[in-house]
4 protein chains.
Amino acid sequence: MSDRTAILTLSCPDRPGIVAAVSTLLFEANCNILDAQQFDDVETGRFFMRVVFARLEVSPPHDAIAASVADLAQRFGMKVSLRERATKKRVMLLVSKFDHCLSDLLYRWRIGELPMEVTAIVSNHGREHIASTDIGDLPFLHMPVTRETKMEQEAEIWRLIQETRTDLVVLARYMQILSDGFSAKLQGRCINIHHSFLPGFKGAKPYHQAHERGVKLIGATAHYVTPDLDEGPIIEQDVERISHRDRPEDLVRKGRDIERRVLARAVLHHLEDRVILNGKKTVVFPD
Amino acid sequence: MSDRTAILTLSCPDRPGIVAAVSTLLFEANCNILDAQQFDDVETGRFFMRVVFARLEVSPPHDAIAASVADLAQRFGMKVSLRERATKKRVMLLVSKFDHCLSDLLYRWRIGELPMEVTAIVSNHGREHIASTDIGDLPFLHMPVTRETKMEQEAEIWRLIQETRTDLVVLARYMQILSDGFSAKLQGRCINIHHSFLPGFKGAKPYHQAHERGVKLIGATAHYVTPDLDEGPIIEQDVERISHRDRPEDLVRKGRDIERRVLARAVLHHLEDRVILNGKKTVVFPD
Amino acid sequence: MSDRTAILTLSCPDRPGIVAAVSTLLFEANCNILDAQQFDDVETGRFFMRVVFARLEVSPPHDAIAASVADLAQRFGMKVSLRERATKKRVMLLVSKFDHCLSDLLYRWRIGELPMEVTAIVSNHGREHIASTDIGDLPFLHMPVTRETKMEQEAEIWRLIQETRTDLVVLARYMQILSDGFSAKLQGRCINIHHSFLPGFKGAKPYHQAHERGVKLIGATAHYVTPDLDEGPIIEQDVERISHRDRPEDLVRKGRDIERRVLARAVLHHLEDRVILNGKKTVVFPD
Amino acid sequence: MSDRTAILTLSCPDRPGIVAAVSTLLFEANCNILDAQQFDDVETGRFFMRVVFARLEVSPPHDAIAASVADLAQRFGMKVSLRERATKKRVMLLVSKFDHCLSDLLYRWRIGELPMEVTAIVSNHGREHIASTDIGDLPFLHMPVTRETKMEQEAEIWRLIQETRTDLVVLARYMQILSDGFSAKLQGRCINIHHSFLPGFKGAKPYHQAHERGVKLIGATAHYVTPDLDEGPIIEQDVERISHRDRPEDLVRKGRDIERRVLARAVLHHLEDRVILNGKKTVVFPD
């Protein structure tokens, strides 16, 4: 039998009755709530909710439920997203020379850990730089970039995103800064991995900065890309302990593990609709 | 203005409509849901929920809501608990010679971190063993115990629990094993801290066992007490890294920090009604 | 210029003058000590040391130093190992159906993180089970095994180990229990990854056991293989937090990350001669 | 029998023969090396070493060994420190209104975990602010401070430090910024706890900054005080996971645990002579 599960996420101004309205709608549509989490942000007065539910034999088709949800959204001023779990998100992976994150994401995808369709792998460097990664039959596109050709290159990527109906762009150690305009277009659907524990060590060469400062833990940060560099909403972070013995190259090595782990978790959270934007921050409903 | 917040927890066999029923009840009583978390255990078919809500000016009194909740509980076969947050749980602390956990719990209570009323401190050893802990005006009772007097001592503690209307008993490194009968009476309201990462190193001298085995991390476990020693439902666990340099006495020292942290977290979770028993396991709704 | 660094490890009964003797030997041979760590186990009276040193232009050749070290070893009753860093250890990887550890080790090897020569990949299952791992030109050997053919299969692996001059065998989720005789032959040079936080959940299906028991953290353990199953000297362990929401299959997924990380660290420690056996335990000099 | 153990730490320009010289000196003085760790900083060309050794019956007195060490120090241009372990460091504790760190340090001291003599507790606020901490017979001095009286107050503290022969000053959430001159006098012997994971969130109200930025982990940093605020050499750091549910007050609560732990570890490291300054960084030899 096919997966009849769907995921509904919503955010709206807080007011009494939202949970009751949502749960009653699903109850009357003969759907069974499998998981529900909510969050009231008392500072901003906004309410966030994620509901996973299953349609039963007697339930109306997905589209009918979607229509009811759209009515409800109208009534409460909600931003909603409703997706059948079986419809996987379409993901484009951008990479430069370091392929440890790309390699890790592809491996997790192959063994079924990341529910996504990979639309393309795009790099500003040639295929030979990611030679140690088995990309199989996936389309690889080499799109070199210089300061002069940046506008054209981004337009080309954007065209590809549209053609491939890509839902999410993952910058898997893609070492180019996206232009403001491109960032704006990708708002809330482009995840970057920054190799530091933001907001410490913004900018270039964070491991060298960390070594210079003599910190005792290093970290990595996965965040949505915004025009404001290294300031996008944070999805996930983690750290590992280091010591005075570690040279910058040791930090780079140790950091790779954290980067892979943090990016994979952030992408998984996004693919499962666990992340909702809340201004400059995120709500991440735990699994 | 007084705190008009209440916490409802419930568990019952899973079936459609529970969330709708609870949220509609609260909506119609003009209460505002501040936080709600739920969990379906597909293995056992049981449903668990925790709702924090606020009564507004127009809401009926707490007792009226409690009556409606009782009706609902009947209808769905729910085990419910409903508590006004302002009504703090009453807690008795049992200790033997090591007072680091006692000291930590009292400190956190004094600075307002643990919302509880301390009904008594009971020890099988004299006051001098916890001399380094400032217990202030709290009643301290020395209840020595031998194999021969164990039955009487436990009866005495039980009487004290009843007299003081104690809701929760915390074994803060109380080094006596409770009898089966006493454990049964305290089911779900007696928390113990075991100084190992259960189920590794059950029984006596866990740090010595850990040293002997050469493990690389040591831990502590807070669990509800059951007649089945070291097998009670686990509430919280944590670990710290050790090395070959650590002697058993170093493990004891490093372990103290983990014990304090783990016990304090478990007690706080219980005081905030975040923990619901699920057979031999617990559901712990995160803060 | 070639790497003129060498690593000396030793263990012997403790007595005054060992450090002085070793450091004087190297000083007189015009070698420069880059790193030195030692450990006295007061319980067993044994002394452990690891020294990294560089030969200078004026130093005698490696073999001459090795001869001096051998003399010293005789004098102090030392077990020594002396290796030029440029001479990488030769490693054979054994795998069954789950290839996440294999895949991770190969990736780290390709990007230069694990200094080793891979002699062969051996599996009791066919090549198709590790189809998602890019093994490139590495020799892959399918050596199926049944209870009846176990003796022959192990003899075949042993022959291959000798032919390929393999220094270290890594059981990268190889799901067969080695016979006592084979384990004995591989003493101190065969690393296994056990998918639990030993000594909790020994034996089969540890994630299911962990789920059953309701623990709040799961872990993995890398250890040397001994005839005593799941009791070998522990090299490295780590854990991750889980919750009541996690089903056994979620634990399996979350566990994969810990297994990869823990095994890779243990193998790296071994490759860098950081691990010295100490009876049923290990001394691991940190990097 | 008294503790005949001593701890030697040294730093000097790296050159061949240092380890041999130190270990030979101790060997010829009939001392037994119990633990030795060293570190070459290839970037700065400096060498760091910590040796723990025991004098035997036949060894010369401590002062004679100290004289030999002084000669050696001269020869190699070493900065050395040599201390009999039985001679505890003398520590002054400064505190403002939040006493969780003070309370924790005193408790650890009482149970024998921190080997120190407490010379005084000094606060810019009255005794009533730390009412929940049992300071027993320890001298408490209220030294209020305003912008106008800061110079005098610091002079008064300095006088007290000298009178009490204080070796180490611990700012246990002392919320005053030390003047440049005072910081300079206390170079390398004044430890502060900063309630953020430096270098993120420097300055005031770090928990509010962390909440504002939406980070997923918060931390604390123990560092030596320097005139350059929040830039002193870091001794120890740690973090804990938070979520979108945490309000600033929750971060403050969760942060207290990290602060206590991190400060206690840093103070212990210092008391055991494990920390050596290395320019703007530290070398911390692990226990």
Side-chain angles (χ1 to χ4, degrees), chain C residues 4-5 8 10 12-43 45-59 65 68 72 75-76 216-217 239-243 245 274 283-287, chain D residues 4-5 8 10 12-43 45-59 65 68 72 75-76 216-217 239-243 245 274 283-287:
Chain C
R4 295 169 65 90
T5 312
L8 169 66
L10 61 90
C12 61
D14 192 21
R15 68 181 229 203
I18 305 172
V19 181
V22 171
S23 53
T24 302
L25 183 158
L26 293 172
F27 177 58
E28 291 177 350
N30 285 303
C31 292
N32 198 17
I33 295 181
L34 300 177
D35 187 21
Q37 295 182 72
Q38 62 167 79
F39 169 62
D40 295 275
D41 188 337
V42 290
E43 287 171 27
R46 278 193 83 78
F47 174 89
F48 302 84
M49 191 171 191
R50 178 183 186 266
V51 187
V52 183
F53 62 90
R55 276 185 300 129
L56 309 181
E57 290 303 318
V58 292
S59 308
I65 296 172
S68 309
L72 193 77
R75 221 171 89 214
F76 283 86
K216 300 300 182 187
L217 299 167
V239 297
E240 293 220 343
R241 195 159 281 273
I242 57 166
S243 86
R245 291 178 189 276
R274 297 186 177 283
V283 171
V284 182
F285 290 115
D287 62 356
Chain D
R4 296 168 66 89
T5 312
L8 169 67
L10 60 91
C12 61
D14 191 21
R15 69 180 228 204
I18 305 172
V19 180
V22 171
S23 52
T24 302
L25 183 158
L26 292 173
F27 178 58
E28 291 177 349
N30 285 302
C31 293
N32 197 16
I33 296 180
L34 300 176
D35 187 21
Q37 295 181 72
Q38 62 167 75
F39 170 62
D40 295 275
D41 188 338
V42 292
E43 287 171 26
R46 277 193 83 78
F47 175 89
F48 302 84
M49 191 172 190
R50 177 184 188 265
V51 187
V52 183
F53 61 90
R55 276 185 299 130
L56 308 180
E57 290 303 318
V58 294
S59 308
I65 296 172
S68 308
L72 193 78
R75 220 170 90 213
F76 283 85
K216 300 300 182 188
L217 298 166
V239 295
E240 293 221 344
R241 195 159 281 274
I242 58 167
S243 86
R245 292 178 189 274
R274 296 187 178 282
V283 171
V284 182
F285 290 115
D287 61 357

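First the proteins, then the strands, lettered A, B, ... as listed; each starts at 1. The analysis underlying the following values was restricted to heavy atoms, covering all of them including side chains, and did not include hydrogens, waters or symmetry mates.
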> For C/Ser23 and D/Ala20, which heavy atoms make the closest approach, and how far apart are they?
Replying inline: OG-CA, 3.2 Å

> Can you say whether D/Asn30 sits under 4.5 Å from chain C via the side chain, the backbone, both, or neither, judging by heavy atoms?
Replying inline: neither

> Between CG of D/Leu34 and CZ of C/Phe47, what distance do you get to the nearest 0.5 Å?
Replying inline: 10.5 Å

> Hey, which of D/Leu56, D/Ile18, D/Val42, D/Asp40 has the most heavy atom pairs under 4.5 Å with chain C?
Replying inline: D/Asp40

> So which part of D/Asn32 gets closer than 4.5 Å to some heavy atom of chain C, the side chain, the backbone, both or neither?
Replying inline: side chain

> Which atom names give the shortest non-hydrogen contact between D/Gly17 and C/Phe27, and what distance separates them?
Replying inline: CA-CD1, 3.3 Å

